[in-house]
Amino acid sequence: METLNTILDVFFNVEIAVRVFPFLLQGLGMTLLLCAGVIPLGLAGGLALAWAASLNNRWLTAACAVYVDFFRAFPPLVLLIFLYFGLPFAGLDLPAIAAVGIGFLLNASSYYGEIFRAGIESVPKGQWEAARSTGLTRRQTMIAVILPQATRNVLPDLIGNTLEVAKLTSIASVVALGELLHTARLAQSLVYNPTPIVVAAMLYLALFWPLVRLLSRLEHRNIARR
Amino acid sequence: MDVQSRPVLELAGLHKSFGGVDVLKGVDLAVAPGELVFLIGPSGSGKSTLLRCCNRLEEPDDGAVIVDGENILSPGCDLNRVRQKIGMVFQAFNLYPHMTALGNVALALRKVQGMAKDAAEAKARAALARVGLADKAGSYPAQLSGGQQQRVAIARALALEPKIVLFDEPTSALDPELVGSVLAVMRELKIGGMTMVVVSHELAFARDAADRVVFMDGGRIVEQGTPASVFGAPREARTRDFVARLAERG
Amino acid sequence: MQDGWARFAFAYLNPEVAAEWGPKILDGAFVTIQLGLATIAAGLALGMALAMLRASAPRWVQMAIVVFVDIFRAWPPLVVIIVLYYAFPYVDLPMGAFTATWLALSFVLASFAEEIWWAGLQAVPKGQWEAARSTGLSHFQALVWVAIPQAVRMTIPPLLNRTIAIVKGTALGSVVALPEILGQATSAMSLAGNPTPLTLAALGYLAIFLPVVILGRWIERRFAWKR
């Protein structure tokens, strides 16, 4: 009982939790804002990549593959540090938010691009032929016929990657952007107690658990279909 | 049949090869308005490739494809406009699975012809009615039988009011009991005066509906004539063999 | 133009700085590789153990595994690392940066691996189980010799992609002062006043992970399991 109380006192000190909660909520707001910014950015970049790769231009397809492989091999934190701490040496002083935006665009678009590419390839060739035979242009076919099917075919992967991108916003704390993890670490150093970090972890859980559940259902259905 | 009028489709010296293998070795063919041309031949004889060259789903290497007086291989040709004049029906239906029957038929009307939603849907409903599926407008392809799916695909082609419809083995993917409904629709079209080129193995249908049977082998037209002459009294040995084998199977 | 290039090279490709700090980065690379291999070994082993347990254990154990897996799929790895590193010393469980990062990444990888393998096991047709049991194999034997081999083969491409993504997270260790590549590079960069160490770090990561990514692409094509 004594130890349990000690543990609770350390990890979940109610008084501290109440005190830092409003501050952490601000951080949570920033996390959500970041997600709302970088997820569409990554989706758009990925779609552009997949579209370019589908144009049947050998050079363009190869360039897309190199881009995707490069950023799949490159840890996003290294990319972010390079953009934020490395570029100033070239006289390019990016604000933290810009460094995060560019870093996520580059990193997330490579993953989304690969997913969209797989989706586009999963649509049978006959769909292209049927649409083109009725006079639809390449672009019209892509938008009205191919992409809706492609998106549905890879929906679990898209949601899964979106969850990963959302989780990854926590690395923005490294460049002092005031999102949830950063505010938690700041609060921790002020109160000298890990409760703020534990509360932040709970908030992350509350935010992402529903997505994890949804995903796990979709994935099971998907693998079972194969 | 008005033999004086200009052919709807004219192929001249059509060549196509895939990776060094000649699939079409100079094919000439003219299809008159209202004519039903039935294309037969062993697999690999180039029938499907021939059809697919007619709307440039395959790019011919050489020759001319003239549709309604316009050479669609010429550089200035607006391919997407011309393709509306050439309906195509595929062996595997190729319906868009994420759209209803109505959506499948209306898509090109809206996107290519720029029709308003209501007008496009009214026209699509009319096309579905023509193939006997007025009541299936709201169904998705997965909810339809193979025969119904193929009829929706025919409606999709018809809605654009094409000058000619190409059928690429339209009944080969169907269970035998569903073949009849598709052939019945094709017969209706023939009676209505539609120009058609059909690649198929349905000999009975060819006998009573085709104006002309064309036998292809090795990338060339070997023999052509009325169904009675090609099936009843083939001149070429290759035709004789093929027809005999087909008759055995059917 | 010439001048611009010279300045760029002086900053990012400075041979003197590279010679001075290169060995440090190399030390960091060894830490990264060790941490990566340890994470893969522990993560995959734990993931497989959890999947096997879930396929055989009573319902409440299954539920516990699901909760564990869900939590570590929902938590950002950096949060887990920081909780382990900063929070546990308060209860007299101080953890080195290496241990904290290794544990965190291993738990995360184990969770993803369990989920992927479990889904793979579910996808093995019932007939396979029935055939195995009809020849007298026990549940456990059928699991080990019939179901798991099929599930593993089926799930190689998604698992490989996930493993690469998680092992790249070794760079997160730099946040808790782990002297892996990125940690070495950032401290070298501030000491040298020059970003060349960061360039070296970037090259180091590419040298380690690019071959794996390319291997993954090759395997994906070879298995082509989606179609």
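Every heavy atom of this structure was used, including side-chain atoms; hydrogens, water molecules and symmetry mates were not. Numbered from 1 within each chain, the chains take letters A, B, ... in sequence-line order.
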Strictly under 6.0 Å, is that where the ring centroids of A/Phe70 and C/Phe209 end up? no
Applying a strict 4.5 Å limit to non-hydrogen atoms, the region of A/Ile171 in contact with chain C is both
Checking C/Asn194 against chain A: side chain, backbone, both or neither under 4.5 Å from a heavy atom? backbone
I'd like to know which of C/Val79, C/Ile208, C/Ile181 tops the heavy-atom pair count under 4.5 Å against chain A. C/Val79
Using a cut-off of under 4.5 Å on heavy-atom pairs, state which of A/Val174, A/Leu79, A/Leu87 scores highest against chain C. A/Leu87
Can you tell which part of C/Thr186 gets under 4.5 Å to a heavy atom of chain A, answering side chain, backbone, both or neither? side chain
Using the rule given for side-chain contact (heavy atoms from CB on, under 4.5 Å), can you reason through C/Arg217 versus A/Val68, listing the C-alpha separation, both sets of side-chain angles and the distance that settles it, and then say yes or no? CA-CA 11 Å; C/Arg217 211 178 250 285; A/Val68 166; 3.8 Å; yes
Within a radius of less than 6.0 Å around CH2 of C/Trp118, do more than 12 heavy atoms belonging to other residues, nucleotides or ligands occur? yes
Check each atom of C/Leu210 against the heavy atoms of chain A and say whether the ones under 4.5 Å are side chain, backbone, both or neither. both
Check whether more than 12 heavy atoms from other residues, nucleotides or ligands sit under 6.0 Å from atom CZ of A/Phe23, and answer yes or no. yes
Counting only heavy atoms closer than 4.5 Å, note whether A/Ala166 contacts chain C via side chain, backbone, both or neither. neither
Has C/Phe68 got more than 12 heavy atoms of other residues, nucleotides or ligands less than 6.0 Å from its CZ? yes
Counting only heavy atoms not in C/Glu16, do more than 12 fall under 6.0 Å of its CD? no
Nearest 0.5 Å, what's the OG-CD1 distance between A/Ser216 and C/Ile116? 11.5 Å
C/Trp75 side chain vs A/Tyr204 backbone, donor-acceptor pair below 3.5 Å: no
For C/Ala201, is it the side chain, the backbone, both, or neither that has a heavy atom closer than 4.5 Å to a heavy atom of chain A? neither
Let's test your reading of the structure: which of A/Leu168, A/Thr169, A/Asn193, A/Leu211 forms the most heavy-atom pairs below 4.5 Å with chain C? A/Asn193
Counting C-beta onward and ignoring hydrogens, is there a side-chain heavy-atom pair between C/Val175 and A/Leu77 closer than 4.5 Å? yes
Hey, could you give me the CG/CZ distance between C/Leu198 and A/Phe89, rounded to the nearest 0.5 Å? 9.0 Å
Under a 4.5 Å heavy-atom cutoff, which of C/Ser190, C/Pro89, C/Gly193 has the most pairs with chain A? C/Gly193
Close side-chain approach of C/Tyr86 and A/Pro194, heavy atoms under 4.5 Å: no
So, taking the atom named CG in C/Leu78 and the one named CZ in A/Arg185, what distance separates them when rounded to the nearest 0.5 Å? 7.0 Å
Where C/Ala74 and A/Phe208 come nearest, the two heavy atoms and their spacing: O-CD1, 3.2 Å
With a 4.5 angstrom heavy-atom cut-off, which part of C/Phe10 approaches chain A: side chain, backbone, both or neither? neither
Contact origin within A/Leu205 toward chain C - heavy atom pairs under 4.5 Å: both
Okay, C/Ile71 and chain A: the region with an atom under 4.5 Å from a heavy atom over there is both
Just by distance, do the side chain of A/Lys167 and the backbone of C/Arg73 share a donor-acceptor pair under 3.5 Å? yes
Shortest non-hydrogen contact between C/Tyr12 and A/Gly86, atoms and distance: OH-O, 2.7 Å
Can you confirm whether A/Arg72 sits close enough to C/Ile214 that some side-chain heavy atom of one is under 4.5 Å from a side-chain heavy atom of the other? no
Do the side chains of C/Leu182 and A/Pro75 get nearer than 4.5 Å, heavy atoms only? no
